[in-house]
Amino acid sequence: MILDSHIPEGPLAEKWTRYKNSQRLVNPANKRKLNIIVVGTGLAGASAAASLGALGFNVDIFCLQDSPRRAHSIAAQGGINAAKNYQNDGDSVERLFKDTIKGGDYRAREANVYRLAEVSGDIIDQCVAQGVPFARDYGGLLDNRSFGGAQVSRTFYARGQTGQQLLLGAYGALSREINRGSVKLHSRHEMMELVVEEGVAKGIIARDLVTGELERYAAHAVVVASGGYGNVYYLSTNAMNSNVSAAWACHRKGAFFANPCYVQIHPTCIPVHGDYQSKLTLMSESLRNDGRIWVPKKKEDAEAIRKGEKGPLDIAEQDRDYYLERRYPAFGNLVPRDVASRAAKERCDAGYGVGTTGLAVFLDFASAIERLGRDVIEQRYGNLFQMYQKITDQNPYEVPMMIYPAVHYTMGGLWVDYELQTTIPGLFAAGEANFSDHGANRLGASALMQGLADGYFVLPYTLQNYLADKIYEGAATTEGEAFEKAEQAVRDRIAKLLNINGRHSVDHYHKALGRIMWEYCGMARSKESLAKAAEEVEKLKQEFRSDVYVPGKAEEMNPELEKACRLTDYFELAQLIIADATQREESCGGHFRIEHQTEDGETQRDDENFMFVGAWEYHGADTPEELHKEQLNYEHIQIVKRNYK
Amino acid sequence: MHFTLHIWRQENAHAKGHFEKYEIDNISPDCSFLEMLDQLNEQLVGDKIAHPVCFDNDCREGICGMCGLYINGRPHGNDDGVTTCQLHMRKFTDGDEIWIEPWRAKAFPVVRDLVVDRSAFDKIIQAGGYISVTTGGVPDANTIPIPKYVADQAMDAAECIGCGACVAACKNASAMLFVGAKVSHLGLLPQGQVEHLDRVRNMIVKMDELGFGGCTNTYACEAECPKQIKRQNIARLNREWIGQMFGRDRKN
Amino acid sequence: MVAVLGGFLLIFLLFHMSANLLILLNDGGAAYSAFCNFMGKTIAIRVMEVVLFGALLLHAVVALWLAATNRMSRPVGYHKPQKSKTHTTSKLMMWSGILIFVCLIMHFYDFYMVKIGLVKGEYMVKTEKLQDEEMSGIMQLANQMQMTPSDLVAAMKEEMATMGGDDEEADNYIESITAKIKVMDIVNNAYTNGNISADKKWIHRLNAEEKAVIKEAFPDSDVEPDFYYMARKKFKVWHIVLGYLVFFAVLFVHLTHAFPSAFQTLGLNNYKYNRAIEICGKIYTWVVCLGFAVIPIVIFLSE
């Protein structure tokens with residue numbers, strides 16, 4: 001199968017305009033007759049549903065939390081990029097586009113990224129109009145900060161809660177549409193299955209998480225905006241309920257899954273401190289603006305710190321190794337995330353790590369406090385410092401923070417074309433759930449940008465183009481064999497899990513899976529480690545199938561059952577990640593193969609053989625998936641080695 | 001650390017609930033309150049005796065607003081400015097008895113165990129907690145300058161995570177702080193001024209309709225708000241409510 | 001609603017307190033009595049009195065109704081009592097309010113029952129109302145002879161009898177002034193016992209019988225309840241003083257919350273003025289409660 005990305009003709013800068021000018025539209029009277037299902041209420045889902053509802057479509061939106069406002073977009077701290085050039089520092093659409101492509105290590109699709117950069121400014125306008133209280137300077141105009149991977153200040157922010165404020169903006173827009181009746185909200189509902197009839201997406205089966213009942217929903221198009229799959233590692237910065245199951249249900253039904261091996265490890269998280277730990281807390285990347293990262297220069301100092309004999313303040317300035325500043329003088333502490341994460345791992349693996357586990361490095365604000373004063377630092381990062389103190393019981397104003405990388409974002413996801421349509425007609429994917437814009441690594445403050453771009457400014461156009469035909473089809477119905485079968489499949493799956501009645505809890509297996517993935521398919525991978533991972537995951541999967549214990553019934557609120565369903569999908573996904581990582585014999589962005597690195601430990605791409613999107617096709621449980629390649633053609637951009645020195 | 005837990009168990013919305021006593025051991029002081037409950041649930045699943053305790057949680061970093069337990073007489077437990085997921089066991093002493101209850105309010109019915117239905121908050125927002133702009137066709141973001149202190153005040157109010165601790169803490173189960181925060185957030189900004197008075201009226205009417213109580217200025221909400229939202233937002237709400245009563249006649 | 005009415009009551013309280021402080025003046029009740037008289041006579045004040053009652057009642061009724069509906073907002077309560085850091089006084093509003101209301105009823109009982117005459121108290125009357133040219137002669141004479149007016153009249157009567165003659169006219173005349181003579185006695189007593197205000201405008205401490213006598217002789221004399229002396233008498237009894245002090249303590253609790261709370265409810269505060277409102281509230285509450293409380297204390301302690 002040849003993957004067609006449906007990129008419009010014409011020069012890069014005109015593609016999106018041309019597309020909009022020539023796309024098909026649905027007239028207002030007909031919009032009312034068309035149903036759209038949106039799964040997920042994060043930035044992408046909420047903004048899409050609000051925009052589509054405002055256009056006049058009938059939208060059903062689903063979230064598994066009690067309220068759409070809880071979606072994990074809310075946890076994004078740092079900011080959102082936009083090529084506004086308000087700072088007059090030389091920013092432009094072109095530059096944002098280039099930074100994003102370069103940041104993604106030349107593994108993203110040019111046309112999509114350009115469109116993203118193009119609409120980025122509109123997002124800021126939209127959000128300000130919605131009442132998002134972005135930070136302002138004393139003149140009353142919008143303020144910007146700089147972020148990793150860029151040499152301009154283009155990041156708009158609302159204290160350390162940008163994601164929250166943007167999501168509340170989208171949630172407000174969504175609430176307005178709910179009030180107007182164009183959008184119907186189904187909270188505490190989880191999508192269990194995609195219904196496909198004659199190769200076209202027709203609806204979903206959802207489980208009411210309160211009663212446990214299965215419900216059918218039909219539509220003319222389905223949008224999946226269910227976020228990323230970082231929780232396959234168990235410990236990640238994702239929320240507890242974040243999962244891959246909605247996207248995986250689509251994958252099982254024929255939607256290709258692209259680039260699963262691209263997993264972003266965020267460099268600034270609070271280190272792991274115990275077995276019981278359920279998640280890792282991110283400290284915003286913005287901290288790297290003023291914080292300096294270091295480890296002791298001498299191994300004995302590092303050892304003394306690990307044993308608790310010395311504190312960070314006992315290490316003299318000349319005995320500290322500011323390794324990012326040393327290795328990357330040009331970008332210093334602001335190198336992209338993958339680079340910073342690997343550098344931290346490199347130091348810790350070499351024996352210079354600190355913290356009780358030796359898996360931590362210092363992030364020091366002493367010099368910034370000295371330079372700017374405690375007040376300024378408090379104003380910039382007060383809430384982050386407070387959060388750190390609550391968790392670790394240490395005061396970061398006095399003692400350097402300890403940080404370590406953790407799984408954060410997944411660049412891979414459902415394969416989509418330029419219109420964000422998957423390989424199943426009528427099924428669209430938006431936000432982190434798709435793979436499209438970040439290549440092999442996402443730059444800070446770009447996830448919010450992409451989610452909102454997809455929801456506000458891309459899907460409302462491309463969905464109409466698809467739906468223009470559907471007005472002849474009549475009302476969407478939940479009758480028919482396809483729905484019947486899909487519902488039965490879910491019922492069977494649930495019954496199977498409940499009947500195993502084994503010895504161990506779901507979390508037991510999830511933790512084990514996470515350990516395997518982190519150990520052998522984490523920040524650095526090799527052929528051997530991946531083979532080991534494949535073997536162990538398969539073993540664990542079999543164990544899970546025969547020895548998991550899921551208490552309770554299907555027809556009740558049953559979080560253990562929910563987790564079990566999700567873990568079933570994670571096992572398959574884990575195997576796909578391993579397969580993809582094995583297949584990709586190069587290092588790029590978030591995918592680092594030990595065999596493929598430069599002499600000084602940087603990623604070594606193989607543009608000749610691997611400049612493609614790896615899109616996988618599902619052929620049934622326990623059957624190896626099939627790889628399809630979408631070649632990436634860079635017409636506009638000149639490919640160079642990614643260099644932040 | 002060792003704890004004796006008394007947890008509210010209720011099978012579903014219609015069932016009669018009761019407190020169940022559990023003992024739990026080997027809890028690290030660095031462990032969060034929810035991680036402690038995770039361990040209890042592991043224990044319950046392992047023993048195959050009781051259904052694990054249901055409790056709402058998601059981001060576990062204090063921003064999603066999903067978690068919320070009434071712990072020993074305080075929403076989000078014995079620490080200021082935190083959500084339940086940010087409460088750490090080091091705040092307790094070894095051997096403590098801990099009573100864990102769900103939020104109690106007419107507008108927040110119990111769904112199961114410690115899980116309550118907070119969709120009433122969504123309904124209040126749907127009644128007007130937004131600025132009515134559709135996608136596209138908005139002016140450039142820098143068209144209207146906003147004084148920094150105004151933007152900052154709006155942001156202070158906008159930090160609300162909708163967890164419901166204010167309602168849980170209030171002796172009247174009032175949602176005034178929640179509504180006040182939203183009204184302040186939007187009303188302070190020039191963009192939100194256009195619909196301001198309608199917003200105030202619609203949200204308050206909806207709040208009353210949903211069975212929340214009135215404000216008697218006890219300020220338990222302010223004391224328990226994990227985002228430390230100030231009671232001045234309630235004063236602003238009151239002011240605007242009175243203002244809209246005497247405000248412009250919309251019929252002409 | 002509660003706040004507006006409460007605010008109104010707050011203003012009244014301040015007024016009431018300043019008036020009460022007049023009791024402390026050692027002028028034999030002159031200022032206070034004049035004040036009471038003014039209050040009793042002015043139509044506007046009488047209207048205000050009704051409005052005030054209405055406000056108080058509405059304040060209580062609305063507050064109770066609110067408390068009831070607020071309770072319905074949480075049909076199932078918590079097992080563990082609330083431990084949040086709150087304004088404790090605010091949680092006591094209903095209870096302190098009810099207590100205050102009960103005390104007020106007792107207070108009204110004291111006040112109005114005497115006023116409308118259902119309960120006997122002490123009374124006072126304006127001296128100018130008792131003036132009578134005829135009488136003043138007798139009074140002066142009696143004073144000169146250091147006799148009470150009735151003794152004087154009796155003596156005169158006796159003298160006339162000894163002088164013989166059956167002077168029917170004189171008898172009739174004496175008969176006609178007997179009532180007034182009795183009043184003269186009362187006035188005389190007041191002078192000798194010091195029951196007259198410093199400005200000599202009021203005769204105090206009349207009992208019910210005396211009141212009846214005066215009423216009979218001077219139908220338009222307006223005998224009023226004598227709150228000045230009644231208060232002074234009351235506040236000599238230790239348990240009444242204690243009762244009042246407790247009442248003011250409860251009032252203090254109520255007002256501590258009430259003052260800033262009224263501003264909050266009316267939205268008349270913001271970050272800038274909060275501190276000022278808080279301070280004003282404290283000053284107000286202390287002044288009012290201390291102002292009230294100082295009266296029984298001083299009276300109790302004074303000889």
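All chains are named by letter (A, B, ...) in the order of the sequence lines, taking the proteins before the strands, and each is independently numbered beginning at 1. Every value quoted in this text rests on a predicted model; they were computed, and no experiment measured them.
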Contact winner vs chain B - [options], heavy-atom pairs under 4.5 Å:
options                                    : answer
Ala173(A), Gly163(A), Ser505(A), Ser278(A) : Ser278(A)
Val132(A), Asn501(A), Val506(A), Val550(A) : Asn501(A)
Tyr86(A), Phe457(A), Phe134(A), Phe156(A)  : Tyr86(A)

Under a 4.0 Å threshold between the charged nitrogen and the carboxylate oxygen, would [Y] count as salt-bridged to [X]?
X         : Y         : value
Arg118(B) : Asp56(B)  : yes
Lys91(B)  : Asp393(A) : no
Asp58(B)  : Lys279(A) : no
Lys511(A) : Asp507(A) : no

Is [X] in contact with chain A via its backbone, its side chain, both, or neither, using a 4.5 Å heavy-atom distance?
X         : answer
Asp80(B)  : backbone
Leu189(B) : side chain
Val150(B) : neither
Val82(B)  : side chain
Glu61(B)  : both

With distance as the sole criterion, is a donor-acceptor pair present between the side chains of [X] and [Y] under 3.5 Å?
X         : Y         : answer
Gln389(A) : Gln394(A) : no
Ser119(B) : Asp117(B) : yes
Asp122(B) : Tyr171(A) : yes

Does any backbone or side-chain atom of [X] lie under 4.5 Å from a heavy atom of chain B? Answer side chain, backbone, both or neither.
X         : value
Leu142(A) : both
Glu560(A) : side chain
Gln126(A) : both
Gln164(A) : side chain
Ile178(A) : side chain
Ser187(A) : neither
Thr211(A) : neither
Gln77(A)  : side chain

Derivation and outcome, ring pair (Phe, Tyr, Trp, His ring centres under 6.0 Å), residues Phe55(B) and Phe33(B): CA-CA 12 Å; Phe55(B) 58 94; Phe33(B) 197 84; 8.9 Å; no
Check step by step if ring pair (Phe, Tyr, Trp, His ring centres under 6.0 Å) holds for Tyr22(B) and Phe3(B). CA-CA 8 Å; Tyr22(B) 302 99; Phe3(B) 299 104; over 10 Å; no
Quick check on the interface: out of Glu11(B), Gln86(B), Arg90(B), who has the most heavy-atom pairs with chain A under 4.5 Å?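 Between Glu11(B), Gln86(B), Arg90(B), the count favours Arg90(B).
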Top residue by heavy-atom pair count (under 4.5 Å) with chain A, among Arg112(B), Met155(B), Lys182(B), Gln191(B)? Met155(B)
Kindly give the heavy-atom pair with the smallest separation between Ile144(B) and Pro190(B), and that separation in Å. CG2-CG, 3.7 Å
Kindly indicate whether a cation-pi arrangement holds for Lys48(B) with Tyr549(A), taking the cut-offs as under 6.0 Å to the six-membered ring centre and within 45° of the axis.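 Yes, Lys48(B) lies over the aromatic ring of Tyr549(A).
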